[in-house]
Structure formats: C-alpha cells, structure tokens
Amino acid sequence: MKLLHRRQFLHLAAGATALPAFSRIARAQAYPSRPVRIIVGFSAGGTTDIGARLIAQWLSERLGQPFVIENRPGVGTHIATEAVVRAPADGYTLLMVTGANAINTTLYDKLNYNFVRDIAPIASVIRSPFVLEVYPAVPVKTVPELITYAKANPGKINMALFGTGSASHLSGEMFKTITGIEMVHVPYRGSAPMLIDLLSGQVQLAFDNLPASIEQIRAGKLRPLAVTTATRSEALPDVPTLGEILPGYEASAWIGVGAPKNTPAEIIDKLNKEINAALADPKIKARFTDLSGSVLSGSTADFATLIAAETEKWGKVIRAANIKPE
C-alpha cells in the first residue's frame, strides 16, 4: 500500500513539474490574442517609424493580430521608453529601441528607469550609416584632404550636427577626437533645417543620416567624403568608410525591438523568430535598402551585445567631450 502511495505521489509530482512548462508553451502558442502596441519615440515618417511599420505589418500578417504603431516623440525618446518600462510585461506593449537609448544612459544623470535593466531586447532590425558630407565649394574631396585643410584652418570650419547628444552629434565629436582637428559645432534641432544651411553654404560640413541626404548627394548638391559604418553602403558603393582611413572608427544609426523586463521568454523568442523571418524576406530587405540601411538579423543575445557595446562606446565620447543635454 505504501508503495502504491509512493508511486501515486511521484506521478503527481512529475505532472506538477510539467505544468509550468506546458503553461509556458501554451502561452506562447496563444500569443498574441489581442492587438499589440509598438511604441516609437519619434514622429511619423522618419526611418525609425518606417522601420517599425514594416515590421508591424509583417507581424500582423504572420501572427493574426494587429501590431499598432503609437508615436510618442519627445524628450530624447524618454516618453516612449518610460511608457514601455511601466507597461505590463505580457508582450502587448513593445518599444522600438534605437541608438538614442544607448546614448541616454550616459547623457542623462537622472532617469526614471535603467534602460539596460528595464528593457528586454527582442531583436535588432536595421543599421544605417551617417554620411560625412561637405558643401561642394569646400576645397576637399577626401577625408585626408579634409583633415589637412582643417588643421591649416583651425576653428574656421563649421560642423553641422543635429540634436545635442544625438548619434549625429557624437559621430562628429568622435571624428574630432580621433583626428585632433578643431571645428566649430553648429547644433540643429533636426536634419531638415541642417540640410537647408548646408545646401546654402552657411555651414561647410555635416554628419547626416544617409537616407536624408542621399537625393542631394545623387544630384551633386553635396559631396560625400565617407560613410560611418564598418562596411560601405550599397547606396554609395564608391564612397569609403571612415574606418578605412581612421582604423577603429564606426558609428551608425540602428533600430530594434524591445519589451518590458520579465516579459515571458517564450514570447520574446517567438517575436525574435518572426522578426528574423521578416529580415530574410527579399521584399522587406529591399525596402530597408531603399532606406539606405542593411538588415541586422540575430538572436536576442546578439542584440543585447550590440546595446551594451553602443552604451559603452558613446559613454566614453560623452564623458570625454563633456556633453550635456539641452
């Protein structure tokens, strides 16, 4: 009789152990059962917003529930990020993560959240370069010529950058630090007003998002000297990378998807798998190429590694240049 009881106990114990695993699998299979929000910290129409909408459309079609974009721009993406940090960790509120999140970790002394701790990485999506470009009247055609010209004319070149503490700003500051040249930083609130002054010759040089400048470059109204990513851009294959001239230099704009911490791993894995499937789709890849970007597929661990590396890199630049938020 005791043996029977023991067998019954072991059987029940085994069943109880299996229940959490079954529950997790069932939860992942059922997800999503209602619409999912993707919070974007920028206005509609920009690269981050367009990328979010491409991924949202794919996920909606594949998973059978609407993935709805909600734009919450302002305060350096803090509004959007905090909204997701405070949301339930159930997979129904996601964040479009960008380089701004990695930068803000150091740029701002006091935040109401710890980004690395409070946001779980799901998947990276796209990486796109900044382009180092000059007004055509500037007498340089290569980066070495620019460095020589700038050293011969210290403080006489105006370097246009948009957003204090933005990746554009930090790309320019890193360039100045590595080359040791002196240029006057002229800040702008966005790429569009910056381009107006660059195209009129009011400023001589800029670090801009390639998608924003590509048509002006193709029209010959701006001269590209280099792109900032580790590899050349398909949109400008004849333009070198800064790393080819300044070993170790790399900067880029990138986006990915995150969720509140403690979101079930099975849901994160499911989303990662579907996002990577999207990035492997020829039509999606072509759309991102149109944005002058390259797909950035990988595991959740790969995305976490990228975030950590970017946070460390930009933290060093911010501290060295003593950059403070506006």
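As the structure is a prediction and not an experimental result, all values here were calculated from the model.
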Does one hydrophobic cluster hold both [X] and [Y], with members joined at side-chain heavy-atom distances below 4.5 Å?
X: I69; Y: I119; answer: no
X: L242; Y: M183; answer: yes
X: L59; Y: L279; answer: yes
X: L291; Y: V227; answer: no
X: I275; Y: V84; answer: no

Over 12 foreign heavy atoms within 6.0 Å of NZ, K176: yes
K313 atom NZ: more than 12 heavy-atom contacts under 6.0 Å: yes
With a 4.5 Å limit on heavy-atom distance, are the side chains of [X] and [Y] in contact?
X: L222; Y: V131; value: no
X: I307; Y: W254; value: yes
X: S60; Y: Q65; value: no
X: L205; Y: V138; value: no
X: R232; Y: P237; value: no
X: L306; Y: D302; value: no
X: I318; Y: L170; value: yes
X: L271; Y: V257; value: no

Of all residues at least two apart in sequence or in a different chain, which pass the ring-ring contact (aromatic ring centres under 6.0 Å, His included) check with Y92?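 Once residues adjacent in sequence are excluded, the partners of Y92 under the ring-ring contact (aromatic ring centres under 6.0 Å, His included) criterion are Y31.
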Please enumerate all residues that pass ring-ring contact (aromatic ring centres under 6.0 Å, His included) together with Y108, with sequence neighbours excluded. H78
So does [Y] get a backbone contact from the side chain of [X], meaning a donor-acceptor N/O pair under 3.5 Å?
X: D118; Y: K261; value: no
X: R223; Y: V134; value: no
X: N114; Y: R117; value: yes
X: S292; Y: A235; value: no

If a pair satisfies ring pair (Phe, Tyr, Trp, His ring centres under 6.0 Å) and one of its residues is in residues 207-245, list it, with sequence neighbours excluded. F175-F207
Charged N to carboxylate O under 4.0 angstrom, R53 versus D49? yes
Between R287 and D281, is there a side-chain N and carboxylate O pair less than 4.0 Å apart? no
Cut-off 3.5 Å, no hydrogens considered: what does the side-chain donor-acceptor table look like for residues 95-103, sequence neighbours left out?
from	atom 1	to	atom 2	distance (Å)
T98	OG1	A100	N	3.2
N101	OD1	T98	N	3.0
N101	ND2	T81	OG1	2.9

About how many Å separate [atom2] of [Y] and [atom1] of [X], when rounded to the nearest 0.5 Å?
X: E250; Y: E310; atom1: CD; atom2: CD; value: 6.0 Å
X: I323; Y: H185; atom1: CD1; atom2: NE2; value: 8.0 Å
X: T263; Y: D90; atom1: OG1; atom2: CG; value: 7.0 Å
X: I122; Y: I268; atom1: CD1; atom2: CD1; value: 5.5 Å
X: T148; Y: N153; atom1: OG1; atom2: CG; value: 11.0 Å
X: R72; Y: F42; atom1: CZ; atom2: CZ; value: 15.5 Å

For E312, enumerate each residue passing the side chain to side chain contact (heavy atoms under 4.5 Å, CB included) test, keeping only those at least two apart in sequence or located in another chain. K316
If every non-hydrogen atom of [X] is compared with every non-hydrogen atom of [Y], which pair is closest and at what distance?
X: L210; Y: S233; result: CD2-OG, 3.4 Å
X: A304; Y: P121; result: CB-CG, 3.8 Å
X: A226; Y: V143; result: CB-CG2, 3.8 Å
X: A278; Y: I284; result: O-CB, 3.2 Å
X: A167; Y: F130; result: CB-CZ, 3.4 Å
X: P32; Y: F67; result: CG-CE1, 4.1 Å

One pair to check against side chain to side chain contact (heavy atoms under 4.5 Å, CB included): Y249 and S171. What are the steps and the verdict? CA-CA 9 Å; Y249 187 103; S171 296; 3.5 Å; yes
Worked check of side chain to side chain contact (heavy atoms under 4.5 Å, CB included) between V125 and L54: CA-CA 10 Å; V125 174; L54 287 172; over 6 Å; no
Go through the steps to decide whether L246 and T179 satisfy the test side chain to side chain contact (heavy atoms under 4.5 Å, CB included), and finish with yes or no. CA-CA 8 Å; L246 304 171; T179 58; 3.7 Å; yes
Could you tell me if R37 and T93 have a donor-acceptor pair between their side chains, going purely by distance under 3.5 Å?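 There is such a pair (donor and acceptor under 3.5 Å, judged by atom type) between the side chains of T93 and R37.
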Please set out all donor-acceptor pairs under 3.5 angstrom arising from side-chain atoms of residues 190-204, sequence neighbours excluded.
from	atom 1	to	atom 2	distance (Å)
S191	OG	D208	OD1	2.7
S191	OG	D208	OD2	3.2
D197	OD2	Y188	OH	2.6
S200	OG	I196	O	3.3
S200	OG	D197	O	3.0
Q204	OE1	N158	N	2.7

Could you walk me through whether N71 and S43 satisfy the side chain to side chain contact (heavy atoms under 4.5 Å, CB included) test, starting with their C-alpha distance in whole Å, then the side-chain angles of each, then the deciding distance to 0.1 Å, before giving a yes or no? CA-CA 6 Å; N71 297 94; S43 301; 5.8 Å; no
